[in-house]
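Whatever order the structure lists ligands and atoms in, that order sets their numbers, starting from 1.
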Amino acid sequence: MFGRDTLLQLLDSIADPTGTGSVVATARASGLVAKPDGSVGLILSVDGLTRAAAERLEATITLALKAAEGVKTVRIIQTAERGTAERTDAATSAITGVRRIIGVGAGKGGVGKSTIAVNLALALARLGHATGLLDADIHGPSAHILLGVSARASATPEKRLIPIEAHGLKMLGMGVMADPDKAVAWRGPMIAGAVVQMAQSADWGVLDVLVIDLPPGTGDIHLAFAQKLKPSGALVVTTPQALATADARRAVALYEQLGVPILGVVRNMASILLPDGSMAWPFGPESDPGFAERVGAELLASIPLDPAVVAASDTGTPLATGPVASALDAIAVRLAQTLDL
Ligand code: ADP
């Protein structure tokens with residue numbers, strides 16, 4: 001069981017982002033209340049902090065307090081000279097310590113969704129954001145292969161999964177579970193429950209953003225993602241071909257129906273650089289005026305088909321440079337602005 005003094009001690013170990021002492025010493029955190037039912041509350045002054053810094057600090061404090069035995073909920077009221085904004089630990093995402101969640105979806109398989117999800121997470125990490133990756137493609141996990149991870153996730157004594165650190169990311173997924181074949185016989189609702197549990201019970205620490213590689217199509221996992229995890233938005237990956245864009249449009253429509261903002265559509269494998277230096281467009285013309293209309297969302301980027309990506313994926317050594325990495329870097333910069341990372 002926790003006491004107020006224990007919690008104060010925990011708070012006192014958290015530095016004020018202005019670098020002038022602990023959040024207790026600077027009185028940035030005050031008014032700590034701890035009730036016997038496990039609810040804890042405090043006031044956080046966010047004066048002089050950017051919104052991103054304030055959210056990061058709130059996530060750090062929430063995580064630290066929730067680690068104390070017996071603490072069930074943490075309610076933080078942010079105050080600023082310009083006014084008071086009440087926020088709770090559920091105000092950012094529905095995973096403790098994680099500020100933003102974005103999903104990467106697709107209408108159908110094989111369009112490069114996992115490749116984009118993994119490389120986008122890497123691009124966000126390259127920008128300096130604390131980034132996690134959850135492979136929610138239970139039946140066809142591939143993030144661990146793309147990242148060259150062969151280790152299995154371990155758990156804390158409280159049975160919380162510990163994400164695996166690879167290439168500057170914290171990652172989890174069925175591919176790093178003790179028995180990766182176990183999910184093969186699971187049915188929809190069971191899988192969705194397992195994904196939500198994996199996401200929420202993992203020990204992610206403080207993350208600016210968690211990228212979730214969703215399964216293709218629209219099913220129980222997508223519903224659970226939208227309704228239980230409080231995502232900030234979703235990207236939809238498609239090849240330019242009409243055969244794929246029709247399914248991408250359905251995926252876009254589903255997310256919109258579930259209230260998940262569409263952050264944009266990524267047109268993957270759009271072009272290929274030929275040995276003579278010219279560009280070819282295997283799935284349709286470069287300027288395809290009907291594309292946005294067919295998918296029902298804004299085009300975020302066109303990613304070339306690059307054989308180097310295939311080699312990098314197969315060897316588990318993701319590329320940090322080259323045309324695909326730079327296209328993903330540009331998406332990451334744009335998302336960081338949209339999501340205020
Ligand atoms: P999905 O998750 O949609 O099923 P994957 O990410 O597994 O698709 O990609 C399908 C195949 O296409 C893989 O062999 C992958 O290496 C390849 N691929 C995806 N995007 C690109 C790209 N931009 N350039 C070259 N190959 C790609």
Side-chain angles (χ1 to χ4, degrees), residues 102-123 133-149 166-167 169 171-176 180 183 191 195 211-219 221-222 225 234-252 254-255 264-275 279-284 286 291 295 299-332:
I102 53 177
V104 179
K108 60 162 70 244
V111 295
K113 170 185 57 62
S114 297
T115 304
I116 298 299
V118 167
N119 285 287
L120 175 62
L122 290 166
L133 177 73
L134 176 67
D135 186 351
D137 197 344
I138 297 284
H139 288 308
S142 51
H144 63 296
I145 300 172
L146 299 179
L147 292 169
V149 171
H167 305 279
L169 297 178
M171 77 84 59
L172 271 182
M174 202 40 83
V176 298
I191 295 178
V195 168
V211 177
I212 304 191
D213 182 7
L214 293 161
T218 49
I221 294 185
H222 306 84
F225 160 75
L235 305 176
V236 172
V237 181
T238 181
T239 55
Q241 202 181 358
L243 193 67
T245 52
D247 287 342
R249 188 187 185 97
R250 265 192 289 281
V252 167
L254 174 94
Y255 292 122
V265 166
V266 176
R267 179 162 63 174
N268 191 29
M269 302 194 255
S271 56
I272 182 160
L273 186 64
L274 298 176
M279 203 65 112
W281 302 83
F283 291 110
E286 172 184 11
F291 180 81
V295 291
L299 175 65
L300 208 52
S302 266
I303 314 257
L305 193 157
D306 182 356
V309 168
V310 179
S313 302
D314 289 349
T315 54
T317 47
L319 299 168
T321 54
V324 172
S326 3
L328 267 310
D329 281 337
I331 301 180

| query | Any donor and acceptor pair, going by atom type alone, linking the side chain of Asp135 with main-chain N or O of Ala143 inside 3.5 Å? | reply | yes
Result for side-chain contact (heavy atoms from CB on, under 4.5 Å) between Leu235 and one of Leu120, Val211, Val265 points to Leu120
heavy-atom search around atom 20 (N) of ligand 1 in the protein gives Asn268 ND2, 2.9 Å
Is the shortest N/O to N/O distance between Val111 and ligand 1 below 3.5 Å? yes
Under the 4.0 Å line, does any protein heavy atom show up next to atom 14 (O) of ligand 1? no
- Query: Are a donor atom and an acceptor atom from the side chains of Thr238 and Thr245 found within less than 3.5 Å of each other?
  - Reply: no
of all protein heavy atoms, closest to atom 6 (O) of ligand 1 is Thr115 OG1, 2.6 Å
Exactly one candidate in Leu214, Asp213, Leu172 meets side-chain contact (heavy atoms from CB on, under 4.5 Å) with Leu134; the answer is Leu172
**Item:** Within-4.5 Å side-chain heavy-atom neighbours: Thr218 and Arg250
**Value:** no
Looking only at protein heavy atoms, what sits closest to atom 12 (O) of ligand 1 is Met269 CE, 3.8 Å
shortest atom 16 (O) of ligand 1-to-protein heavy-atom contact is with Ser313 OG, 3.9 Å
Ranking Ser271, Pro304, Pro307, Gly112 by closest non-hydrogen atom to atom 22 (C) of ligand 1, top hit is Pro304
Closest to atom 25 (C) of ligand 1 among protein heavy atoms sits Asp306 O, 3.3 Å
A student checking ligand 1 against Val310 at a 4.0 Å heavy-atom cut-off should list atoms 25 (C), 26 (N)
Interatomic distance, CD@Gln241 vs NZ@Lys108, rounded to 0.5 Å, equals 8.0 Å
Going by the 4.0 angstrom heavy-atom rule, the piece of Asp314 near ligand 1 is neither
Looking only at protein heavy atoms, what sits closest to atom 4 (O) of ligand 1 is Gly110 N, 2.8 Å
task: Could you tell me whether a side-chain N or O of His222 sits under 3.5 Å from a main-chain N or O of Gly105, the two making a donor and an acceptor?
output: no
Judged by non-hydrogen atoms, does Ser142 sit under 4.0 Å from ligand 1?
no
Rounded to the nearest 0.5 Å, the OG atom of Ser142 sits from the CG atom of Leu147 at a distance of 9.5 Å
In this structure, atom 2 (O) of ligand 1 is nearest to the protein heavy atom Ser114 N, 2.8 Å
Within the distance-only criterion (no hydrogens, no angle test), does the side chain of Asn268 pair as donor or acceptor with the backbone N or O of Val111 below 3.5 angstrom? yes
